[in-house]
Amino acid sequence: MAPVTETVLTAPDYDLGATLSSGQAFRWRERDGAWEGVLGAQWVRLRQVEGAITATTAPAVERWDWLTDFLQLHVNLRQILATFPDDEPMRSAVAACRGLRLLRQEPWECLASFILSSTKQIVQIQQIVALLCARYGQAITAPDDRGQVHAFPRPERLAALSAAQLRECKMGFRAPYLQGTARMLADGEVDLNAIAARSLPEARAELLRLPGVGPKIADCVLLFAFGFPEAFPVDVWIRKALQQFYFPRRRVTQPRLERFKESHFGPHAGYAQQYLFHYARTLKAW
DNA sequence: GGCCAGGCGCGTA
DNA sequence: TACGCGCATGGC
């Protein structure tokens, strides 16, 4: 058994399962009532308990800031929810998604994962990412009965692969996009580390230079990895939700929808977006 | 078996 | 600027 470290992290108003399965991150699996995943080179198991999250990691660590940052445990959820518009759709979404949180992910993994996400269901994205890590990620320490566990492969590793090798991970037409982006990062043509300090428009423009990255994927990375609170990804679910909740019985044009999402949801629009996304996906009939 | 999936890039008007 | 289409792959 590999050496592990355990701790208890205070986490009020936190729905761990909803958060880890809500289409932000793609490497977390439920097992025996706990959630297991990989952060950097750490294998991690998280378990929800009353008002807290218990964490186990391998190899052993002395600090936990990398995990509390990922989980965004310092964030006061009530204060954020209070900034949402007081309308019926948002009230319903908040009521349906108690404790849903935004994570703070490593930018490259987030970017690569969402390049692989286009016209894929969340379960399929998980499968592709799992294949990519198993084939090309560095092996890391984990409990013996978990089998071989891998880190997310670095851009330099993917940049050195052929498109055919990437396609073996079932990513289809996304392979050249991921390859092109990995190469631009490996070559230093775009520097993800420099993006965090920029303004939202500048950061967005920089991400849009990458192949396979359009407005939606850029906004996902800006929100889920760089923490720009106003970034508001519009995918098919959100488009449908905005259309039906806010513009029933009339077709809304794309520019109109753009103006609406930028003006209606307040300073934490991205958080509101995640609530609408998760809520919409729970609705059986529209 | 057809439709759709946390879209993007490119060609056309 | 604003559509329409093709792009792999798999779940339902």
Side-chain angles (χ1 to χ4, degrees), chain A residues 18-28 93 97 100-103 105 107 109-132 134-135 161-184 190 204-226 228 231-245 251-262 265 269-286:
Chain A
T19 299
L20 293 177
S21 66
S22 65
Q24 304 177 56
F26 303 99
R27 296 204 66 192
W28 295 87
C97 310
L100 178 64
R101 300 285 192 138
L102 283 182
L103 301 165
Q105 300 178 59
E109 177 174 338
C110 182
L111 170 62
S113 298
F114 277 99
I115 286 174
L116 299 175
S117 76
S118 63
T119 53
K120 280 289 177 192
Q121 300 181 84
I122 289 173
V123 286
Q124 294 175 286
I125 303 166
Q126 292 172 335
Q127 290 168 2
I128 295 169
V129 169
L131 278 171
L132 186 68
R135 281 180 180 269
L161 299 174
S162 67
Q165 286 175 303
L166 290 173
R167 281 179 192 271
E168 290 173 14
C169 302
K170 310 293 185 185
M171 64 183 71
F173 64 82
R174 302 157 196 81
Y177 295 150
L178 182 61
Q179 183 187 50
T181 287
R183 287 181 176 170
M184 284 182 72
V190 168
R204 198 167 192 262
E206 193 67 5
L207 289 172
L208 289 174
R209 294 177 53 208
L210 298 164
V213 179
K216 189 271 176 182
I217 291 173
D219 285 339
C220 284
V221 177
L222 292 168
L223 181 64
F224 300 142
F226 291 109
F228 286 95
F232 193 107
V234 178
D235 75 321
V236 290
W237 287 97
I238 288 293
R239 188 181 312 283
K240 193 171 173 182
L242 294 181
Q243 169 75 56
Q244 305 225 6
F245 293 154
R251 274 295 289 170
V252 61
T253 64
Q254 187 59 35
R256 181 81 183 86
L257 206 62
E258 285 293 318
R259 287 200 305 276
F260 180 74
K261 75 161 192 174
E262 284 168 14
F265 293 99
Y271 236 105
Q273 173 276 150
Q274 194 64 13
Y275 272 77
L276 282 177
F277 176 76
H278 200 257
Y279 174 52
R281 284 167 41 83
T282 66
L283 297 176
K284 299 299 179 192
W286 288 60

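Just so we're on the same page: letters track the sequence lines, and every chain starts at 1.
Within the 4.0 angstrom heavy-atom criterion, base atoms lie near A:Ser22. Counting any heavy atom pair closer than 4.0 Å across all strands shown, A:Ile128 reaches no nucleic acid atom. Residue contacts shown for A:Phe26 are absent, as no nucleic acid heavy atom lies under 4.0 Å away.
Applying a 4.0 Å cut-off to non-hydrogen atoms, the residues of residues 170-181 of chain A that approach DNA chain C are A:Lys170, A:Gly172, A:Phe173, A:Arg174, listed by residue number. Listed by residue number, the members of residues 210-218 of chain A with any heavy atom below 4.0 angstrom from DNA chain C form an empty set. Near-neighbour residues of DNA chain C inside residues 116-126 of chain A, defined by a heavy atom below 4.0 Å, number-ordered: A:Thr119, A:Lys120, A:Gln121, A:Gln124.
Comparing the same atom, P, in C:dC5 and in B:dC4 gives a spacing of 14 Å after rounding to whole Å. Between the P atoms of C:dG6 and B:dC3, the separation comes to 14 Å (whole Å). Distance noted for atom C1' between C:dA2 and B:dG6: 23 Å (whole Å).
Between A:Gln24 atom CD and A:Cys220 atom SG the span is 9.5 Å, to the nearest 0.5 Å. Atom CG of A:Leu207 is separated from atom CZ of A:Phe226 by 6.0 Å, given to the nearest 0.5 angstrom.
By the salt bridge (charged side-chain N to carboxylate O under 4.0 Å, His left out) test, A:Arg204 pairs with A:Asp219, sequence neighbours left out. Not counting sequence neighbours, the partners of A:Val252 by the side-chain contact (heavy atoms from CB on, under 4.5 Å) test are A:Gln243, A:Phe247, A:Arg256, A:Leu257. In this structure A:Glu206 satisfies the side chain to side chain donor-acceptor pair (under 3.5 Å) test together with A:Arg209, sequence neighbours excluded. Checked against side chain to side chain donor-acceptor pair (under 3.5 Å), A:Gln274 has the following partners two or more places apart in sequence or in another chain: A:Ser22. The side-chain contact (heavy atoms from CB on, under 4.5 Å) check on A:Gln273 picks up A:Leu223, A:Phe232, A:Pro233, A:Ile238, A:Phe277, with sequence neighbours excluded. With sequence neighbours left out, the side chain to side chain donor-acceptor pair (under 3.5 Å) criterion links A:Gln254 to A:Arg239, A:Glu258.
Bounding nucleotides for the chain A contact on DNA chain B, 5' to 3', at a heavy-atom distance below 4.0 Å, are B:dA5 to B:dG9. With a cutoff of under 4.0 Å to any heavy atom of chain A, the contacted region of DNA chain C is bounded 5' to 3' by C:dA2 to C:dG11.
Here the side chains of A:Val221 and A:Val213 are not in contact, with every heavy-atom distance at 4.5 Å or above. Side-chain contact between A:Leu103 and A:Phe224 is absent, with no heavy-atom pair separated by less than 4.5 Å. Proximity of A:Leu242 to A:Leu276: side-chain heavy atoms (C-beta onward) are separated by under 4.5 Å at one or more points.
The two residues A:Ser117 and A:Phe114 have their closest heavy-atom pair at OG-O, 2.7 Å. When all heavy atoms of A:Ile217 and A:Ile115 are compared, the pair lying nearest together is CD1-CA, 3.9 Å. The minimum heavy-atom distance linking A:Gly180 with A:Pro211 is given by the pair C-CG, 3.5 Å. The heavy-atom pair separating A:Thr19 from A:Arg101 by the smallest distance is OG1-N, 3.1 Å.
Sorted by first then second residue, the salt bridge (charged side-chain N to carboxylate O under 4.0 Å, His left out) pairs that include residues 162-178 of chain A, not counting sequence neighbours, are A:Arg135-A:Glu168.
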